[in-house]
Amino acid sequence: MRLSHALIPTLKQTPAEAQIASHRLMLRAGLVRQTAAGIYAWLPAGWRVLQNISRIVREEQDRAGAQEMLMPTLQTADLWRESGRYDAYGPEMLRIRDRHERDLLYGPTNEEMITDLARSAIQSYRELPQILYHIQWKFRDEVRPRFGVMRGREFLMKDAYSFDVDYEGALVSYRRMMLAYLRTFQRLGLRAIPMLADTGPIGGDLSHEFIVLAPTGESQVFYDSDFETFDFEKSEFRYDDPSDLERLHALINGYYAATSEKHDEARWEQVPAARRREGRGIEVGQIFYFGRKYSDPMKFGVAGPNGTMITPEMGSYGIGVSRLVGAIIEASHDEAGIIWPDSVAPFRAAILNLRVGEATCDHLAETLYAKFAGAALLDDRDERAGAKFADADLMGHPWQIIVGPKSAAAGRVELKRRGTGERFDLSLDDALARLL
RNA sequence: CGGGGCGUAGCUCAGCCUGGUAGAGCACCUGCUUUGGGAGCAGGGGGCCGGAGGUUCGAAUCCUCUCGCCCCGACCA
């Protein structure tokens, strides 16, 4: 993308409404614009980030054996009356009436709909287990939206739902998602710690929430510092081995980690003092086992092996995809701007042509740009060097490739690593070899 | 939902108390100079002062109503 023709409206000054770092930086870096309270438009660079996160989430869900699908944003009220949640959910649910006076709602979550789909399509225990997911916009009419996309009313969520014939199976599904989540957050460059959680309005008795550590987080958290050392991406845990998954679950539950609501002072005291960590955190995902909470009232039964009906055991598993954008920035920024992890950055590199119009610089910058095939942002604006450096730092590209008149004459460029500030003076070929 | 605050140019804000030709900085456009950390000079464009009523000869300014947004608290992917 060429910055001279891209809609990436960076701001020098911070808009008055933004209080926390991620919100300020998302607006200043031109990722989003607010269109109403808690509702945001994703501009080109922000949309690329959202897609990168979605891609990683999708890859890990698929690896765990979940199947992607897509459910509608609008749902009929009747479905929710069946589960009893139409009245229970309260004013957070956006209720809509169509021209025929039928009650609809903009989905805040999809347990009812997926259960309805499952009961009409699944007839036999042989078709289980199933894990289905989609990445879809949700709406929850929060009383007080704030913190930009971290606490918006409309948000993008990955929600998965599992169906199993019995509790043992449901536990396996639950643990599969646990492993998928640990891997996903790690790939996103985050340290997300699973903590035992309340099950809330969704119900059930087995739940973990995944908390990213950040000073501006909404929850107070306590955890064992050993969580900081686990590497789940390279771990030997296998999805298709229930005993591996059981070991993982035991490992996670074996170390102390809790939000203030679930904090247990007695257990906390048993953690060696040197390993006790306290801080603030942002919830970026939660997994639930809730048994037959929906399959029962919605009469979802499948034929069992001996011909009698079985009511499937269910779980649901959410990741706040759009919230993650804010959470990642909260966890990774400095005075100058965002520091994107490589995996989610809107552009792998920014090519800063410091002297647009000068033949050697232009040629070098264009040559580099072509090699990246769309993965790089070319700053070809007629701006001074300082403005380009400032914007590149603000936007947080993992790498800056600086094409200046001095080095360009010698066919060399300067590479700057945003996260560390390291600089490398390299030939064009060496620079490309390093980044591609 | 309780409490507080703010709506004036794309952004940050002044002007309002004490009514009288709508402002500044940044951004934008033109030109010249400049060119490795948000340049300088000159010229220029851009506003139904959130909206509706009212008071007044006259309203950004005073009054009433309304809409929107933000912050603190109680609640949440």
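Naming convention: chains lettered A, B, ... in sequence-line order (proteins, then strands); numbering from 1 in each chain.
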Which part of the nucleic acid, if any, lies within contact of A:E218, taking any heavy atom under 4.0 Å across all strands shown: a base, the sugar-phosphate backbone alone, or nothing? base

Over all strands shown, is A:E17 touching base, sugar-phosphate only, or nothing at heavy-atom distances under 4.0 angstrom? sugar-phosphate

Base, sugar-phosphate or nothing for A:L352? Non-hydrogen atoms, less than 4.0 Å. nothing

Using a heavy-atom cut-off of 4.0 Å across all strands, would you classify A:D159 as base, sugar-phosphate, or nothing? nothing

Between A:Y86 and A:R81, is there a cation-pi geometry (under 6.0 Å to ring centre, at most 45° from the normal)? yes

Closest nucleotide among B:U34, B:C1, B:G36 to the A:V143 side chain: B:C1

Quick one: label A:R153 by what it contacts on the DNA or RNA (base, sugar-phosphate, nothing), any heavy atom closer than 4.0 Å. nothing

Check every strand shown and say whether A:A385 touches a base, only sugar-phosphate, or nothing at a heavy-atom separation below 4.0 Å. sugar-phosphate

Side chains of A:H249 and A:Y174, donor plus acceptor under 3.5 Å: no

Could you tell me whether A:S407 contacts a base, only the sugar-phosphate backbone, or nothing, with contacts defined as non-hydrogen atoms closer than 4.0 Å? base

For a quick check, tell me whether the side chain of A:E383 and the base of B:G38 share a donor-acceptor pair closer than 3.5 Å. no

Any side-chain N or O of A:K388 less than 4.0 Å from the OP1 or OP2 oxygen of B:G38? no

Give one of base, sugar-phosphate or nothing for A:E414, where a contact means two heavy atoms less than 4.0 Å apart. base

Between the base of B:C75 and the side chain of A:R144, is one N or O donor paired with an acceptor at under 3.5 angstrom? no

What about A:R146, does its side chain sit under 3.5 Å from the base of B:G73 through a donor-acceptor pair? no

NA contact type, A:A36, heavy-atom cut-off 4.0 Å: base, sugar-phosphate, or nothing? sugar-phosphate

Looking at every strand, decide which applies to A:G404 at a 4.0 Å heavy-atom threshold: base, sugar-phosphate, or nothing. base

Which of A:Y294, A:Y89, A:Y106 passes ring-ring contact (aromatic ring centres under 6.0 Å, His included) with A:W80? Answer is A:Y89

Please determine whether any donor N or O and acceptor N or O are separated by less than 3.5 Å between the side chain of A:R381 and the base of B:G38. no

With sugar-phosphate meaning primed atoms plus P, OP1 and OP2, does A:R28 contact a base, only sugar-phosphate, or nothing at under 4.0 Å between heavy atoms? base

Is there a donor N/O on one and an acceptor N/O on the other, under 3.5 Å, for the side chain of A:Q13 and the base of B:G25? yes

Which part of the nucleic acid, if any, lies within reach of A:P405 when heavy atoms closer than 4.0 Å are counted: base, sugar-phosphate only, or nothing? base

So what does A:G152 hit on the nucleic acid, given a heavy-atom distance under 4.0 Å: a base, only sugar-phosphate, or nothing? base

Can you tell me which nucleotide in B:C76, B:C69, B:G36 comes closest to the side chain of A:R140? B:C76

